[in-house]
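For reference, the structure discussed in these notes is given below.
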Protein chains: 2
Amino acid sequence: MSTLKYSRQREAIKTFLKNRTDHPTADTVYTCLREAYPNISLGTVYRNLSLLEQLGEISRISTGDSAEHYDGNMDPHQHFICSHCHKVYDVRIPEIHSLLGKAVENVPGKIEAFHANFYGVCHECQKEPITLEHNP
Amino acid sequence: MSTLKYSRQREAIKTFLKNRTDHPTADTVYTCLREAYPNISLGTVYRNLSLLEQLGEISRISTGDSAEHYDGNMDPHQHFICSHCHKVYDVRIPEIHSLLGKAVENVPGKIEAFHANFYGVCHECQKEPITLEHNP
DNA sequence: TTAAATATTGATAACTATTACTGTTTTGGA
DNA sequence: TCCAAAACAGTAATAGTTATCAATATTTAA
């Protein structure tokens, strides 16, 4: 097993995620960090996002959108994913965690994580005027 | 809006999914259906999976694995995803649905779907002997 | 029953998110 | 300061999915 060494880039990725309340994709992390680290590599971003996830410092949200999203907030919470603008909102239903004890019996393995996603159209997108799908 | 026309392929994809208890990927659907329909196209499979999902006849499971999985069972239930073999198991915790009423208030939009995923290593994989990661 | 209209298909090219590779740089302990 | 290992930047390769398009199948109405 390889020992972990410090890296400025990894630290930046981690603090970047911890300071965001939205749930950026790898590409967003990359684009934003390039301002402070102009020659950070996209591969480095992906490599460290995976690593940080394995270490349990961040979590990966599979939204069904084409790209994965990342969340620096490890407090137990849920997500609402807008199927129109693809934004990921935080949701808090504390009661849901009391069920996890019951889940243990009904599940064919050892639970390491629990993700609960709500899907729908967010209020912002509902406000928007109706647009034609195909403009001539 | 275009009106839907019957298609033998779409019907086959739908009944295939309804008769499975596992949660195949698009590629698995494709490979299996090729036995009965030797020149069905992978594009056709993808196109109809998306369509059937929009119609609410099947649902798409984003497991965090590289490929999406599809589920023909629309009864409310949850999933356990093995992070080792990537199998998707059905889980039933009926109590979880009584919470959805409460969720409505805490969610920034209109809920159209709810997915709850447990992640961990399944009993099958826990049984397995430890294998070297790299065989020479 | 036939014909026109259009949705769907198969085949393939294009796209895009992610991973793998490689030579160079950085880190941390001796 | 020196060395081994980890991490990096840059880039190529992979894989899942979507788009394109000419040919085919389905539906409606004459």
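Lettering follows sequence order; numbering is per chain, from 1.
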Does the side chain of [X] reach to within under 4.5 Å of the side chain of [Y], using non-hydrogen atoms?
{"X": "B:Val88", "Y": "B:Thr63", "answer": "yes"}
{"X": "A:Ser59", "Y": "A:Met74", "answer": "yes"}
{"X": "B:Thr31", "Y": "B:Asp27", "answer": "yes"}
{"X": "A:Arg60", "Y": "A:Leu49", "answer": "no"}

Separation of atom [atom1] in [X] from atom [atom2] in [N], rounded to whole Å:
{"X": "A:Asn39", "N": "C:dT24", "atom1": "CG", "atom2": "P", "value": "17 Å"}
{"X": "A:Tyr30", "N": "C:dT19", "atom1": "OH", "atom2": "P", "value": "16 Å"}
{"X": "A:Asn48", "N": "D:dA7", "atom1": "CG", "atom2": "P", "value": "8 Å"}
{"X": "A:Leu51", "N": "C:dT18", "atom1": "CG", "atom2": "C1'", "value": "16 Å"}
{"X": "B:Tyr37", "N": "C:dT9", "atom1": "OH", "atom2": "P", "value": "11 Å"}
{"X": "B:Leu52", "N": "C:dA7", "atom1": "CG", "atom2": "C1'", "value": "15 Å"}
{"X": "B:Leu49", "N": "C:dT8", "atom1": "CG", "atom2": "P", "value": "15 Å"}

Below 4.0 Å: OP1/OP2 of D:dA9 and any side-chain N or O of A:Gln9: yes

Does B:Thr44 have a side-chain nitrogen or oxygen under 4.0 Å from the phosphate oxygens OP1 or OP2 of C:dG10? yes

How does protein reach along nucleotides 11-30 of chain D, written 5' to 3' as B (base within reach of a heavy atom under 4.0 Å), S (only sugar-phosphate), or - (no contact)? -----SBB-------BS---

Bend angle of the helix from C:dT1-D:dA30 to C:dA30-D:dT1, end axes from five pairs each (to 10°):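 Axis-to-axis angle, ends of the helix: 40°.
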
Please verify the inter-ring angle class for B:His77 with B:His23; under 30° counts as parallel, over 60° as perpendicular, anything in between as tilted.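 B:His77 vs B:His23 ring planes: tilted.
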
Parallel, tilted or perpendicular: which one describes the rings of B:His97 and B:Phe114, with boundaries at 30° and 60°? perpendicular

Residues in ring-ring contact (aromatic ring centres under 6.0 Å, His included) contact with A:Tyr119, at least two apart in sequence or another chain: B:His115

So does B:Lys127 pair up with B:Glu124, basic N to acidic O under 4.0 Å?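 Result for this pair is yes, salt bridge flagged.
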
For B:Asn106 and A:Val91, indicate whether the former's side chain and the latter's backbone hold a donor-acceptor pair under 3.5 Å. no

